[in-house]
Amino acid sequence: MAPEERDVIPGRRRSRAVAPGDASGAVGLVVEDVVSGYRGAPSVVHDMSLSVAPGEVVAVLGRNGAGKTTLLSTISGVLRCRRGRVALGDEQLSGMPAPRIAAAGVAHVPEGRRVIPGMSVDDNLRLGGYSLRSRTVIEEQLRSVIGLFPMLEPWRRRVAGSLSGGEQQMLAIARGLMGKPRVVLLDEPLTGLAPILRAEVLGVVDAMRTAGHAILIVEQNAAETLPFADRVLVIHEGRITLSGSAAEMASSSAIQEEYLGLPIGRTAGEPCPTREESRRW
Amino acid sequence: MVSHIKWAGAAMVGAAALAAVGCGGSDKTSSASDAGSANAVKVAIVQPYSGDSAYYGEYADQAFKLAMEELGSTPGGHAITFVRGDSKCVPTAAVQAGNQVLAQSPVAVMAPACSGDTLALKPLLKARNVSACSINLHPEITEANGKIVRAAPSDAFTNELFAKYIADKGVKKIGILHDTSGYGQGNVDTLVSSLEKNGVKVAVNATYDFADTDYSGQIVKLKKAKVDAAYFEGYDLAAGNLVKQAKQLQLDVPYYANTNAGNDTAEKAAGKSLDGVLFATAFLADSSDATRKFTATWQQKFNQAPNSDSVDLYQCAVVILKAIEATGKNATGATVGEQMAKVSAPGVTVGTMAFDASGDLNDPPVLIGTWKDGKAVLVDRLSGAE
Amino acid sequence: MSTFIQAVVAGIAAGAVYGLLGAGFSLAYKTTGIINFAHGDIAMLGAYVTFSVFGWGAPLFVAALAGVVAGGLAGAVMERGVLRPLYKRPLVAGILATVGVSVVLQSVIQLVWGSLPLTLPSLASSTPWRIGSVAFSPAQAVLLAVTIIVSTALIFAVDRTRVGRGMRACAQDSGVVVLFGISPERLYLTAFAIAGMLAGLAGALITPTIGLTPSRGVSLSVLGFAAAVLGGLGSVTGAIVGGIAIAVLRNLASVYVSAGYADAVAYLAIVLVLLVRVRGLLGDDLETVRSV
Amino acid sequence: MPATGSSQRSEEAAAPAAAPLAEEHAARHARAARRGLATILGDRGVPGRQRPLLTRLIAVALLVQVVPGLVSGPNLLTLNLACVYAMAAIGLSIVFSLGGFVSVAQAAVMAVGGYILILLFGPTVGFPVALLLAGLGGALVSALTGIVGARVKSHYFILISLALAETIQLVITNATSVTGGANGVGLKAPASVLGLDLGLPTDYFRFITILTFVVIYLADSLRASRAGLALRAQTVDGYLALAAGVAIGRYRIMATAIGGVFAGLAGGMVAIRDGYLGPQNFGLDTSILLLLMVVIAGTGRAGSVVVSALILTFLSQGLLTLTSTGTLIYGMGLIVLIIFAPEGLGGLPRLARGALGRLGARRAGTASDDGGER
C-alpha cells in the first residue's frame with residue numbers, strides 16, 4: 001500500500017537538517033489491517049490501517065481505553081499482531097520480537113516515560129543506543145542527541161529517577177532517538193506536564209520532524225497536539241473513526257465531539273460520518 | 001481474629017474424634033514375627049547410603065562381599081538376604097531406617113558407621129531383641145548385657161592410653177579442636193578427662209561445624225592460648241584440612257589426631273603437612289602380616305586402599321556371619337545375638353575377635369601412627385597383640 | 001594484637017571466596033530477581049570438573065579454567081531449561097526450582113564421582129610467609145589476587161559495558177528495555193552463564209582448602225547468599241565486601257566469643273545490619289524501592 | 001515505593017512531579033484494591049465452601065478406625081511422618097500465604113517444639129502440658145521472625161529466617177549438656193494420652209490424625225476470618241498493607257505466631273514418633289521440603305497442603321533412600337512439578353482440562369487465539 005497523497009500543511013515543508021537519527025532512507029511506517037490485544041483477552045485493536053511517512057507527524061487521538069497504547073505496543077512488537085501486518089518500508093516488522101523491531105529503527109517512547117530510575121541520565125541514553133553495538137557509534141550518537149536536548153547536559157551524571165517529570169520526558173524521547181530510529185512512536189508525551197514543558201516537548205517533536213523521522217504521536221490532549229500534527233486520526237473502541245489533515249480536523253466540529261466522547265448509542269460497528277474517509281488510512 | 005466459637009468447634013472435633021477412637025478400641029500390632037523359614041535369614045545393613053557419608057554404605061557392602069567370599073555365602077546353611085536402611089549419618093534418619101528394616105525381622109544388624117546413628121538405634125534393638133555389630137568408637141555404644149558388640153576399640157579405651165602417651169611426651173597445655181558430630185563429642189570427652197587425669201591442661205576446647213569451610217578462627221584461638229600441643233579431631237577430609245590450615249597459620253606445635261588422620265583421604269587433603277602428626281588408631285596397613293594381607297586383598301578386589309573403617313566393617317561382617325553359622329537351624333534375632341556375644345573369630349586388627357560381657361573387644365588394638373613420605377607408619381603399639 | 005590481625009587476615013583470605021560466590025548470586029539476582037540456591041552446587045560441579053581434568057594430566061590452571069567453563073555451562077543450561085518458564089511466577093517458585101536443581105546436581109555429582117571425599121592441590125604453595133607474627137601463605141595470596149582481579153573486571157563490566165548496562169536496566173524495568181533493542185531473555189542467559197562461571201571459579205579456588213564432597217554445595221550457597229544479602233543484593237562490590245565481612249566476623253567471634261557460636265554471631269550481625277539498613281551494606285536505592 | 005523516590009526529586013521539579021505521582025499512587029491503590037478483592041472472591045477457600053463440621057467429624061472417625069487396619073509396618077510409620085509434616089506445612093502455609101513471608105526456618109521452629117517436649121515431658125510434666133508448651137514455644141520463636149520480618153523485604157526475610165534456623169541448630173548442637181548435641185536426646189518416658197499408647201504406630205496414627213484435623217480446622221477458620229481476609233488481600237498487593245497500616249503488621253505477626261504453634265506441635269510429635277530427637281532432623285532440607293509442600297499444594301487451603309504433604313513425604317522417603325538415582329529422580333520431579341503445575345496440585349485438574357481443550361481445538365483445526373505479550 002502506497003502512502004496516500006499527504007495532507008501537508010504548507011509552510012511546514014522542512015529542509016533536511018543533519019540531525020541525530022538522520023532518517024535518510026526515506027521509508028515510512030505502514031500498518032495494515034492490524035488486529036491485536038492483550039494476552040488472554042479479546043482484541044482491542046480491530047482492522048486498523050495507517051501509514052506515517054518520513055518527516056511527517058501523525059497524531060492519534062482517542063479517549064482512555066480506545067486502543068491507542070495497544071496500537072503503539074503492537075507496532076513496536078511488545079504485543080503480537082493477531083492479524084494484519086506492520087512494515088517499515090519493505091521490511092516486515094510484524095512477527096519479529098520487540099528487540100529486533102527496535103533495532104530495525106522503531107523507537108517507542110512509552111507512556112509514563114519509563115526511564116530507568118536507578119541509572120544515570122547518560123546510562124539511560126546509552127541504553128537507547130543498545131542496538132548500535134559499537135561503542136564509538138554510541139558515544140557519537142550520545143553527543144548529537146545531547147546537542148538536540150541541551151537541557152539534559154547538566155543532569156548527565158544524575159540518577160534519572162531524580163529528574164522532574166518534564167526532564168524525564170525529554171530523557172525518554174532523547175533515549176528513543178539514540179538508536180537512530182526511522183520511526184518514533186510517542187505515547188502520551190504531554191501527560192502530566194506543565195504547559196511550558198509541553199511546549200518544549202512539542203518543539204522537540206517539531207525538530208524531529210525536521211530531521212526526517214516518521215512520528216506517530218498518541219495523545220488525549222487534542223488541543224495542543226493538533227497544531228503540530230500533519231495528519232490526525234481519531235480512534236474509538238479500537239477502530240479509526242475519523243481522519244484527515246490537521247488543518248481540516250482542527251476546524252471540524254466532529255473532532256470536538258469525538259474528543260469529548262461519542263454520543264451514547266452509537267457503536268463502533270455503525271457507520272460514522274467519516275467512515276469512508278477513514279478507510280483510506 | 002478467629003472467633004471463640006471456631007476454637008470451641010475445633011475442640012469439639014477433637015473430643016468427638018477421641019470418643020470415636022475409644023469406641024473402636026485399639027488393636028495392638030503384633031511385634032517381631034518369626035524369622036521365617038529356617039534356611040533363609042535376613043541381615044540388616046543400616047548405613048549411610050546417601051549424602052556425604054554414603055561411602056560407608058559402600059564399604060559395608062564390600063565388607064560383606066569379601067567376608068562371604070572367604071567364609072562362604074551360606075553360613076550354617078542359611079541363605080542370606082540383605083535388607084538395607086539408609087541412616088544418612090543422621091540419627092533421626094537412622095531411627096527411621098532402623099524402624100523400617102527391623103520391621104522385616106532381620107537376625108542381625110550391621111550398625112551404622114556414624115556413632116550418633118547407632119546410639120539412636122540402641123533402644124530399637126532392645127525392643128526388637130536383635131543384636132548388632134558396630135564399628136563405632138563412641139564409649140557409650142556398648143553396655144553390660146547390651147545388644148551391641150563392637151569390632152573396634154572404644155574411644156574411652158584408646159584415649160586413656162593416648163592421653164598418657166601425650167602426657168609422657170611432655171605436653172603440659174593442649175588445645176583441642178573437634179566437630180560437633182556425635183563421634184567428635186564422644187571422642188573428645190574421653191580424651192579430655194584422660195588428659196586431665198594425666199596432668200595435661202586443656203587450654204582450649206573449641207568446636208567447628210561439619211559443614212564449615214574455614215577453621216582459621218579456631219586455629220588462631222589456639223595460637224592465642226599459646227598451647228604447646230594441639231589435638232585435631234575430624235572426619236577424613238576435615239582431619240586433613242585442619243592440619244593443613246593449622247600449618248598455614250603457623251601453629252608451630254606438635255599435632256595429635258584421631259584415627260581418621262590415618263586415612264588416605266586425610267593424607268590427600270593435607271599432603272606433607274601430615275608428616276609427623278601422631279594419631280591413635282586401631283589399623284595401620286603396614287603394622288602386621290594380617291593387615292598387610294588384608295590390605296592387599298581389599299586393594300586388589302575393590303581397587304582402593306582400605307582404612308580403619310573398612311577393616312572394622314569387614315570384621316563386623318565376619319562376626320555376623322560366624323554367629324549365624326554357629327546358630328544352627330533356629331536363627332532368630334535372639335539366638336544369633338547370643339552367638340555374636342560369644343563369637344571367637346579371626347580378625348585383622350586383632351588376632352582373634354572375642355568380646356567381653358559388655359560387648360567390647362578383648363585386648364583391643366591401639367596403635368600410634370604417623371605419616372612419612374606419603375605412607376602411614378607405625379610409631380608405637382600401646383595395646384593389642386599382633 | 002597479633003592474634004587480632006591474624007584472625008582478620010585469615011578471614012579476608014577465606015572471605016574472598018565467599019565474596020566471589022556472593023557476586024555470582026548478586027549478578028543473577030540483579031538481572032532476574034531469582035535467588036539461586038543451586039549456586040553452591042554449581043561451584044561444586046566446577047570443582048569436580050577441575051578435579052577430573054587435573055586428573056587427566058592437565059595443568060592445574062587449565063583444569064581450573066575447565067571448571068569455570070563447566071560452571072558457566074551449568075548456569076546457562078539451568079537458566080534455559082528450568083528458570084525461563086518461571087520468571088513471571090512468584091519469587092518462591094523460582095527459588096524452589098533452584099533447590100530442585102541443587103538436588104539434581106548433588107545426585108549427578110554423586111553418581112559420576114562417588115561420595116568418597118576427594119582433594120585437589122592448591123594453586124600455590126601453602127607454606128606460609130611470616131610477616132611479623134602474622135602468617136600468610138602464597139595460596140591465600142593467589143586466592144585474594146584472583147578475587148580482586150575477577151571482581152574488578154566484573155564491576156567494570158557491569159558498570160561500563162553495554163551488556164552490563166543492559167543487565168542493570170533489565171533488573172529495574174524488564175518491560176521497557178525491549179523497546180531499546182535489548183532482549184531480556186538473552187541477558188538472563190548471559191547473567192546466569194557469568195554467575196555460573198563465577199561459581200565454578202569459586203569452586204576451583206576453594207576446594208584445595210575444603211576438599212570435594214557432593215553435598216558441600218549447600219553450605220557454599222548459604223555463605224554466598226549471606227554475603228550477597230549483607231552486601232546488598234544486586235551489588236557486586238557489596239557481595240565481595242559482604243563475603244569478607246562475614247569471614248572476618250566469624251573468625252573474630254570464634255577467637256573472642258565462642259567457636260561454636262561464631263556463625264550465630266555472624267548471623268546476628270547480618271540481621272542487625274539489615275534492620276538498620278534495609279538495603280544491605282552497599283545495595284542501591286532501588287533495593288529499598290523494589291517490591292517483590 | 002514511589003514515596004521514596006519523590007523525596008529525592010530536586011526542589012524546583014517538585015511541583016510538576018508531585019501531581020502525576022499522586023495520581024499514579026491513587027491509580028495503583030485502586031488497582032490493588034480491585035485485584036485484592038478479586039482474589040478473595042475468586043478463592044475457593046471462602047467460608048461458604050467449607051465442609052460442615054459434622055462431615056469432618058465423620059471423616060476423622062472413619063480414618064481413625066479404618067486406616068490402621070489397612071496400613072502397617074513401614075508405611076504406617078511414613079504415614080505418621082506425613083501427618084507431622086502436614087501440620088508443620090499448614091503452619092508454614094499460614095506464614096507464607098497469609099503472612100506473605102518466605103521462611104526457611106519452619107523446621108527450626110519444629111525443633112524448638114520438639115526439644116521443649118522431649119526435655120520437659122517426664123514424670124513431673126504430663127504429655128498434654130508438654131505438647132501445649134511445645135506449641136507455645138514454636139509460636140514465640142516464629143513470632144520473632146514475624147517481628148523482625150515486618151521490617152525487611154522478602155528476599156532479605158529469607159536470610160533472616162535462615163539466620164534464625166542456623167542459630168537454633170547451633171544452639172542445639174553446642175548446648176550438649178542440655179540437648180545432647182549431635183547425638184540427640186531420647187524420650188524419658190512412654191507417652192500416652194486418653195488411653196492411646198503413642199509408642200504404638202497405630203495409636204500414634206489415631207492421635208496425629210485427630211490433631212491434624214484440628215489444625216486443618218483452625219487454619220481454615222483463620223483464613224476465613226476477618227484477619228485472614230485482610231492478610232490475603234495484603235499478600236496480593238503490598239499497597240493494601242500500606243493503606244491498612246498498623247493493623248496488618250500486627251496480623252502478620254499473628255500469622256507467624258499461629259504458624260509457629262502448628263510447627264511446635266509437629267516438632268513435639270516428631271519426638272514422640274521417634275522417641276528420639278536430633279538436630280539433623282530439623283535442617284535446612286526439612287524446611288525446604290515443607291516449603292515445597294506449601295508451594296506444590298498451590299492454594300493456601302489446609303486440605304490441599306495435607307495432600308501434598310502426603311505425596312511429598314512418601315516420595316522423599318521412597319526416593320531419597322539407598323540410591324543417588326532416586327535423589328536424581330526426586331530433584332527432577334520437583335522441577336517438573338514446579339514448572340508445569342503453576343497453581344500447584346490444586347491447579348492440576350484445570351491444567352488437564354486446559355490441555356484437553358487445546359488438543360480438541362487443534363483437532364478441530366481452529367487456530368487458538370494465542371496472541372499477546374511475549
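Sequence lines set the chain letters: A, B, ... in the order given, protein chains first and strands last, and positions in each chain run from 1. Keep in mind it's a predicted model, so treat the numbers as computed, not measured.
For A175(D), the parts sitting under 4.5 Å from any heavy atom of chain C are the backbone and the side chain alike. V336(D) does not touch chain C: none of its heavy atoms, backbone or side chain, sits under 4.5 Å away. Interface remark: V99(C) contributes side-chain atoms only to the contact with chain D (heavy atom separation under 4.5 Å). If you measure heavy-atom distances from V101(C) to chain D, the contacts under 4.5 Å come from both the backbone and the side chain. Neither the backbone nor the side chain of I168(D) comes within contact range of chain C; no heavy atoms are under 4.5 Å apart.
Here the side chains of L274(C) and V148(D) are not in contact, with every heavy-atom distance at 4.5 Å or above. Looking at heavy atoms from C-beta onward, T167(D) lies out of side-chain contact with Y261(C) at the 4.5 angstrom threshold. Side-chain contact between L96(C) and L334(D): absent, with no pair of heavy atoms (C-beta onward) separated by less than 4.5 Å. Side-chain contact between I160(D) and Y267(C) is absent, with no heavy atoms from C-beta onward closer than 4.5 Å.
The CD1 atom of I329(D) lies 9.5 Å from the OG atom of S107(C); values are rounded to the nearest 0.5 Å. Atom CG of L230(C) sits about 10.0 Å away from atom OH of Y156(D), to the nearest 0.5 Å. To the nearest 0.5 Å, the span separating CG on L83(C) from CD1 on I339(D) amounts to 8.0 Å. Taking OG1 from T327(D) and CD from Q110(C), the interatomic distance works out to 6.5 Å, rounded to the nearest 0.5 Å.
With respect to I95(C), the side-chain contact (heavy atoms from CB on, under 4.5 Å) criterion is satisfied by exactly one of I158(D), I288(D), I338(D): I158(D).
Of the listed residues (P214(C), A264(C), A266(C)), the greatest number of heavy-atom pairs within a distance under 4.5 Å of chain D belongs to A264(C).
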Evaluation steps, side-chain contact (heavy atoms from CB on, under 4.5 Å), between V104(C) and Y330(D):
CA-CA 8 Å; V104(C) 168; Y330(D) 175 69; over 6 Å; no
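Taking all atoms of both residues into account, the shortest heavy-atom contact from G100(C) to I335(D) is C-CD1, 3.7 Å.
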